[in-house]
Amino acid sequence: MTTPAPIRWTDTVRQQAFTHWLGAQAASHGLDIGSLRTASADASFRRYFRIDGRDGPRIVMDAPPAQEDCRPFVGVAALLRGGGLEAPEVLSWDESNGFMLLTDLGATTYLEALQRGDAARTNALYLAALDALVQLQRIEAQTRVPAYDRALLQRELDLFPTWYIERHCRHTLDDKALAQLQRCFGLILDACTAQPSVLVHRDYHSRNLMLPREPGGQPGLLDFQDAVWGPVSYDLASLLRDAYVEWDEATQLDWAVRYWERGRKAGLPLDDDFGCFWRDFEWMGLQRHLKVLGIFARLSHRDGKDGYLKDLPLVWRYAHRVASRYNGLGPLAHLLERLAGTQRESGYTF
């Protein structure tokens, strides 16, 4: 066996606090401190380590309290587990320092599995993800998570002009163009806020779904701390129009129909007309993708995380395709074209 690479720390005081805390966890949970190694990092300030123990691998979270509030993570994890879903169990939590010991849901994400190219297995994985999504949306959580209301949706959309248009594309909108963009935003918000509300994971995609522990099992759910009570189509848009993997539209439609059928049988508040539901799905996805363009640009320009820039073209295509399809969104489609120097793409129209 190779010795794990040492964990890097920039704050020696925090490192000492972590070492002390981990030593106590090793004694009470039978952990092998020498096996501690990096598991992953994400777009936030959180870091994750994996460590071996008497009951199998465990995950250690390092989340500096000045930048990360772990209370939503703990609360939503309990909600999901209470709803019968595969979310990490919190075994120990040092709230004041932001250290946490969690059960391990495995080391392979959906995205990593998809890159191996097994089409039959891919379909089975997505059907499992759709089933888990329906189960998640049946959880009554309206008083347990924040509302995904118009104000929050607007703040997310505002990331697009601030970080993508102005900072990333170095483009300044004149008063006319800005007014046109805000009118498009108004139409998007009208469509999104008219949808029925359910529990929303908010990042339900291939990087946050772990392979089921056994064939036919549920996927593991990660990165759910930003869960909200909001539009029913949001998580499906996250899953089928993923920023990290692209599916042709026929495949998206097939999976969307399967979700819609399952959801209606489960009593979710879905439109009886699939065409109307698909339109809601498209408009919700547009809101998300404009937000993601802003977030990925911000991650690069503010946080120095340039790896997300390679995913911008796919997210742009998603946004442009929908903006090109629906009445009232023409100015947004033209703006995207000016920013990218490209032409409209054709596709299905509903």
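Sequential numbering from 1 along the given sequence is applied to the chain's residues.
Under a 3.5 Å cut-off, the side chain of Glu156 and the backbone N or O of Gln287 do not form any donor-acceptor pair. Side-chain N or O atoms of Ser28 include one that pairs as donor or acceptor with a backbone N or O of Ala24 at under 3.5 Å. Arg202 places no side-chain N or O within 3.5 Å of a backbone atom of Ala227 that could act as its donor or acceptor partner. Counting only distance, with no hydrogens or angles, the side chain of Asp273 and the backbone of Gly275 share a donor-acceptor pair below 3.5 Å. Judged by distance alone, with hydrogens and angles left aside, the side-chain atoms of Trp21 form no donor-acceptor pair with the main-chain N or O of Met100 at under 3.5 Å. With hydrogens and angles ignored, the 3.5 Å screen pairs a side-chain donor or acceptor of Lys310 with a backbone N or O of Gly307.
Around the CZ atom of Arg144, the shell of radius 6.0 Å holds no more than 12 heavy atoms that belong to other residues, nucleotides or ligands. Atom CZ of Arg54 has more than 12 heavy atoms from other residues, nucleotides or ligands within 6.0 Å. In Arg262, the CZ atom is crowded: over 12 heavy atoms of neighbouring residues, nucleotides or ligands sit closer than 6.0 Å. Heavy atoms from other residues, nucleotides or ligands lying under 6.0 Å from CZ of Arg302 number more than 12. Within 6.0 Å of atom CG in Asp174, more than 12 heavy atoms from other residues, nucleotides or ligands are found, so the atom counts as buried in its surroundings. Within 6.0 Å of the NE2 atom in His171, the count of heavy atoms belonging to other residues, nucleotides or ligands exceeds 12. Summarising the local packing, CZ of Arg71 is surrounded by 12 or fewer heavy atoms from other residues, nucleotides or ligands at distances under 6.0 Å.
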**Message:** For a side chain to side chain donor-acceptor pair (under 3.5 Å) check, start with the C-alpha distance between Thr251 and Asp248, then their side-chain angles and the critical distance, and finish with the verdict.
**Reply:** CA-CA 6 Å; Thr251 300; Asp248 62 69; 3.1 Å; yes
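Side-chain contact, Ser238 with Arg288: a donor N or O sits under 3.5 Å from an acceptor N or O. Residues Asp242 and Trp247 bring no donor and acceptor atom of their side chains to less than 3.5 Å of each other. With 3.5 Å as the limit, one finds no donor-acceptor pair spanning the side chains of Tyr234 and Gln137. Between the side chains of Glu68 and Gln225, no donor-acceptor pair of N or O atoms lies under 3.5 Å. Between the side chains of Tyr318 and Glu282, no donor N or O sits under 3.5 Å from an acceptor N or O. Ser233 and Gln195 form a side-chain donor-acceptor contact under 3.5 Å, judged by distance and modelled atom types alone.
Using a 4.0 Å cut-off between a side-chain N of Lys or Arg and a carboxylate O of Asp or Glu, Arg81 and Glu86 do not qualify as a salt bridge. Asp62 has no carboxylate O lying under 4.0 Å from a charged side-chain N of Arg46, or vice versa, which leaves the two without a salt bridge.
For Phe99 and Trp93, the distance between ring centers is not under 6.0 angstrom. Ring-centre distance between Trp229 and Tyr148: not below the 6.0 Å cut-off.
Considering CG of Asp158 and NZ of Lys291, their distance stands at 13.0 Å, rounded to 0.5 Å.
Residues Ile59 and Thr103 share a closest heavy-atom pair of CG1-O, 4.2 Å.
Ring geometry for His320 against Trp316 counts as parallel: the plane angle stays under 30°, on a 0 to 90° scale with 60° as the upper cut.
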